[in-house]
Structure formats: structure tokens, C-alpha cells
*Asks:* 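This is the structure I want to talk about, given as C-alpha cells.
Atoms within each ligand, like the ligands themselves, are counted from 1 in listed order. Note: hydrogens, waters and symmetry copies are ignored here, and every other heavy atom, side chains too, is used.
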Amino acid sequence: MATPTKETSLETTNSMLATTLALFDSTFERLQLDEGIASIMRQTEVEMTVTIPIIADDGRILTFKGYRVQHSSARGPSKGGIRYHPDVDIDEVRALAMLMTLKCAAVNIPFGGAKGGICVNPAELSMHELERLTRRFAKMIAPILGGKRDIPAPDMNTNEQTMAWFMDEISSIQGYYSPEITTGKPVILGGSEGRTEATGRGVAIATVELLRKLGREPQGARVAVQGYGNVGYYAANILADEYGCKVIAVSDVSDALYNPKGLDLAAINQHVAHSPGRLLKGFTGNAEHITNAELLTLDTDVLIPAAIENQITGKNAGQIQAQIIVEGANGPTTYEADLILRDRGIHVVPDILANAGGVIVSYFEWVQDLQFYFWEIDEVRRQLYKKMSRSFEEAWAMAQERNVDLRSAVYMLAVQRVADAIQKRGYVSAGG
Ligand code: NAD
């Protein structure tokens, strides 16, 4: 058999894809994975690029580029969000699809990985234009979608309304109600209870599991959270309310609040609920106003970056005082920073495990849709806890066994699971 060369794989200058491929390569090496299997995993299974025309409200025809990439279906239907952003391009979508494969494998849910997106600034479109864009995109990529084939979800600048339109469009093509075609839908259309809080709840669970492994109970542990949006809000509040942690700092794009004795989250939540854009700006309660940069290097036990990517870098990793970092956001730590943190013995729960609560509850949504039987919120929370804590336990055991950091351990677990599925399915040896 000819050995596949890297020339047949994706090579790129896109930094996210390059970083993802580098992470894959170092994991393949650690696992001493068969080169052919590695070559399959370095590439995407299916890619579809479409030009989406819509009629604008003023009668003009507008066109947009849209993408759907399925990286792997080895472990089940491919799964991943759809984002609307002017920076969306094929390489970014490829990288995100690969990370979805790993995330689903890391928490052992029976999905492969996919991602999609449209290169558009949604703020420039009216609601009607967005609906036409979404429906046309859904129609164009419908041939490669399906509840047992590829299941989209919301991502950046898309939401449960987007998923409701998507589901409606595909259902009308199929001729019957098909809620399992997307996740992240409104509860009234087959969405799951507990989906909104799921990612933050998963981050909280990962934090508590790691604290306990390090011999600490969560009560009184000091926590700083960067980003007080969906993920940061729920992570902070669940850690404080359910586990007795002391949240000493939170921030968003407008401000950063700090009180070493513990913030009054109820007062902050009250402020945010009535502030334009749900921002912290203008909070006058008992807290010092610091910068986002200062928050990252505070004297704290736990740091949860839950805002955007590339926040912990080669420049500030040396000053981080937290013993534990739990990555709520995707890619908040650069490769360079990761090496520094590792050297300094700081424990990092990597994004593909820490923020997997969202895709886990998406999996529960899909299961409920297929059965047309819907769970109570307590059941969703119970099952999420089970999945997150078990996945954390497996990652911890792998890290101990192979004497590696948690990020390397999670990548090794995930890649091995995908490789095993490829091998066991035998679609390589069967030769079609
Ligand atoms: P969100 O838009 O609800 O919240 C983002 C928060 O970050 C906001 O408070 C915003 O003000 C703040 N922020 C933005 N730029 C900032 C900056 N430069 N400095 C400090 N704060 C800043 O988004 P979200 O859904 O909470 O997602 C946050 C991160 O978690 C993203 O990386 C996202 O990809 C990741 N994530 C989200 C989910 C989910 O289910 N929502 C799942 C997996 C991963």
C-alpha cells in the first residue's frame, strides 16, 4: 500500500487550521498512530461551498459564500455549529470541524465533527433578509445534512431562531417534521431544557472535579471569570450558588469587577439584566474596577477564560497566579502560553473538554427528538453531570498514566477513539 504523503493532506497558511493540524500531528506522534489513519484524520471527509443568492428588502440581489465541512463521520453523524461572520472562510471552517470531531470524541458522544458558516456581517441584514439567507443556505446544503448524517447547531451570531428556520426548511424538503435535523432549537420546537446553561454548567463541573483531584473542596475557592456572556455567567453563578465558590472577579468587553472578599453576584446580575447589551458597565456596587488584563493575572485559585480566543499568551502566561485554568472559551490559550503554563505546573482543563457541556446537551436534544420524548430539567442536569465528570475522570487517568498534561491527555483520548472507530469500521480495508 502506498504511504499517503502530507502533500495529499490539507496544508495551509490559515493560523487556526495550522495550529489544529500541529496539535493533531503531535498527538499522532505520541500515540504512534498508523500513518494512513493519521492521513485520514488530517483531512476532511466532505466539503461543500455554495454561493447563496437572496433578494434584499430593497429588491437588489445579494450573494454570499457559505460552507459546510464534515471532517469525520467515523463515530457517528457529524455535528457542529453554523456561524455568520465576515471572517468565515473555508480553512477556518475546516479547523473548527476538526475540533468538533475531537470534542465529541473527548466526551464520548456518538458524533463526528462538522462546521458551517456564511461569510456575512449579520448586523447589516434585516431580520427578513437573515431568514431568506438561512433558508436558502439550508436548501443548498440539504443534500449533505440529515438527523443521521450531519446535524447543525448555533454558533457565533446564530441562535435558536436560526435553527428553527433551518429545521423548518429541511422538514419542508423532507415532507415531515424533523426536529432531529438541528440542535439548539427553541424548546417549543424540540429544543432541550437546560441547553442555555449547559456549557457554563459543564465548565463548573470540570472546575470542581479538578479542584477535588488536587485535594481541595470547592467551598471558598477563589474564582476569576473573564467574559460574562452565556458561558461565563452560568459558570460563575453555578460555582457560587451550587458549590460555594467565592467569585472574586468577572469581566466583559465593557468593564472588569474585582472584590477579593467575593463579588455580590445577585447585584451584578440585577445590573446586567437592566443594562443595554447586558453589560457590566455602570455597575456601582461593592467592587473595584480593574482591566481585563489585570483580571487574568489576579491572585486567585481558579481562572476561567470564557470570552474570546488568544487571551493567555506568551506575554502574560508567566504572570498568571491561578493554579487552575478552565477554558470556557474556545482557544483562549496560545500554543506558546500553553508551554509556559505546563512548565509552571499550572493545571489547564482544555476547551474541547471544559466547554463540551453544550454539545453534550445538544446530543441529549437529538436523543429526545428521535424519541419524541422530552426530559425534565433535573434529568438533563443529572445526565450532563454524569457525562462531564466521567469524561474528566478518563482524561485525568490518561494524564497520570502517560505522565502528560491534561490537554495532551484529552487529545490522545479523543484521537485514539476516532482512530479506533476508523479501524474497526474497516472502511479502509474493505476497499469500497
Ligand atoms: P457571549 O457572546 O454570550 O459572551 C462573550 C462574553 O465575552 C461577553 O460578556 C463579552 O462582553 C465578553 N468579551 C468579548 N470580548 C471581550 C474581550 N476582548 N475582553 C473581555 N471580555 C470580552 O458568548 P458565549 O456563548 O458565552 O461564548 C464565549 C466563548 O465560549 C466563545 O469562545 C465561544 O466560542 C465559547 N463556547 C461557547 C459555547 C456556548 O454554548 N455558548 C459552547 C462552547 C464554546
*Asks:* Which protein heavy atom lies closest to atom 21 (N) of ligand 1, and at what distance to 0.1 Å?
*Replies:* Asp252 C, 3.4 Å
*Asks:* Taking non-hydrogen atoms only, is Asn330 closer than 4.0 angstrom to ligand 1 via side chain, backbone, both or neither?
*Replies:* both
*Asks:* Taking it one step at a time, do Asn286 and Lys261 satisfy side-chain hydrogen bond (donor to acceptor under 3.5 Å, both in side chains)?
*Replies:* CA-CA 10 Å; Asn286 190 11; Lys261 297 200 172 104; over 6 Å; no
*Asks:* Go through the side-chain N and O atoms of Asn355 and Thr199 and say whether any donor and acceptor fall under 3.5 Å apart.
*Replies:* no
*Asks:* Side chains of Ser192 and Gln368: donor-acceptor distance under 3.5 Å anywhere?
*Replies:* yes
*Asks:* Taking 4.0 angstrom as the limit, do Asp150 and Lys79 come out as a salt bridge?
*Replies:* no
*Asks:* For atom 39 (C) of ligand 1, grab the closest protein heavy atom and report residue, atom and distance to one decimal in Å.
*Replies:* Thr199 OG1, 3.4 Å
*Asks:* Quick check: Leu279 and ligand 1, any N/O pair under 3.5 Å apart?
*Replies:*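 There is no such contact.
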*Asks:* Out of curiosity, is Gly227 lining ligand 1, as in a heavy atom under 4.0 Å away?
*Replies:*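 Yes; Gly227 lies near enough to ligand 1 that a heavy-atom distance drops under 4.0 Å.
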*Asks:* Who's the nearest protein heavy-atom neighbour of atom 37 (C) of ligand 1, and how far?
*Replies:*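 Result: Val231 CG2, 3.5 Å.
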*Asks:* Give the residue, atom name and distance (to 0.1 Å) of the protein heavy atom nearest atom 11 (O) of ligand 1.
*Replies:* Val253 N, 3.0 Å
*Asks:* Return the closest protein heavy atom for atom 25 (O) of ligand 1 as residue, atom name and distance.
*Replies:* Asn230 CB, 3.7 Å
*Asks:* With a 3.5 Å cut-off and no angle check, do the side chains of Ser126 and Asp57 form a donor-acceptor pair?
*Replies:* yes
*Asks:* Would you say the side-chain atoms of Thr158 and Asp155 include a donor-acceptor pair closer than 3.5 Å?
*Replies:*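 No donor-acceptor contact under 3.5 Å links the two side chains.
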*Asks:* Considering heavy atoms of the protein only, find what lies nearest to atom 17 (C) of ligand 1 and give residue, atom and distance to 0.1 Å.
*Replies:*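 Atom 17 (C) of ligand 1 sits closest to the protein heavy atom Ile308 CD1, 4.0 Å.
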*Asks:* Does Arg382 come within less than 4.0 Å of Glu379, counting only side-chain N to carboxylate O?
*Replies:*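 Looking at Glu379 together with Arg382, the answer is yes, because their closest N to O distance falls below 4.0 Å.
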*Asks:* Would you give the length of the straight line joining atom CZ of Phe64 to atom CZ of Phe137, rounded to the nearest 0.5 angstrom?
*Replies:*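 With rounding to 0.5 Å, CZ (Phe64) is 12.5 Å from CZ (Phe137).
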*Asks:* What atoms in ligand 1 come closer than 4.0 Å to a heavy atom of Asn292?
*Replies:*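 Counting atoms of ligand 1 from 1, those under 4.0 Å from Asn292 are 19 (N), 20 (C).
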*Asks:* Please walk me through it: do Asp369 and Tyr177 pass side-chain hydrogen bond (donor to acceptor under 3.5 Å, both in side chains)?
*Replies:* CA-CA 10 Å; Asp369 289 340; Tyr177 178 54; over 6 Å; no
*Asks:* Looking only at protein heavy atoms, identify the closest one to atom 6 (C) of ligand 1 and say how far it is in Å.
*Replies:* Gly229 N, 3.7 Å
*Asks:* Between the candidates Ala329, Gly232, Ala307, Gly277, which shows the shortest non-hydrogen contact distance to atom 28 (C) of ligand 1?
*Replies:* Ala307
*Asks:* If we set the cut-off at 4.0 Å for heavy atoms, which region of Ser254 has an atom near ligand 1: side chain, backbone, both, or neither?
*Replies:* neither
*Asks:* For Tyr385 and Glu209, test the side chains for any donor-to-acceptor distance below 3.5 angstrom and give the result as yes or no.
*Replies:*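 There is such a pair between these side chains.
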*Asks:* Please list, in number order, the atoms of ligand 1 under 4.0 Å from a heavy atom of Tyr228.
*Replies:*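 Ligand 1 atoms under the 4.0 Å threshold to Tyr228: 9 (O).
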*Asks:* When you compare ligand 1 with Gln311, is there at least one nitrogen or oxygen pair between them that comes in under 3.5 angstrom?
*Replies:*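 In this structure, Gln311 places no N or O atom under 3.5 Å from an N or O of ligand 1.
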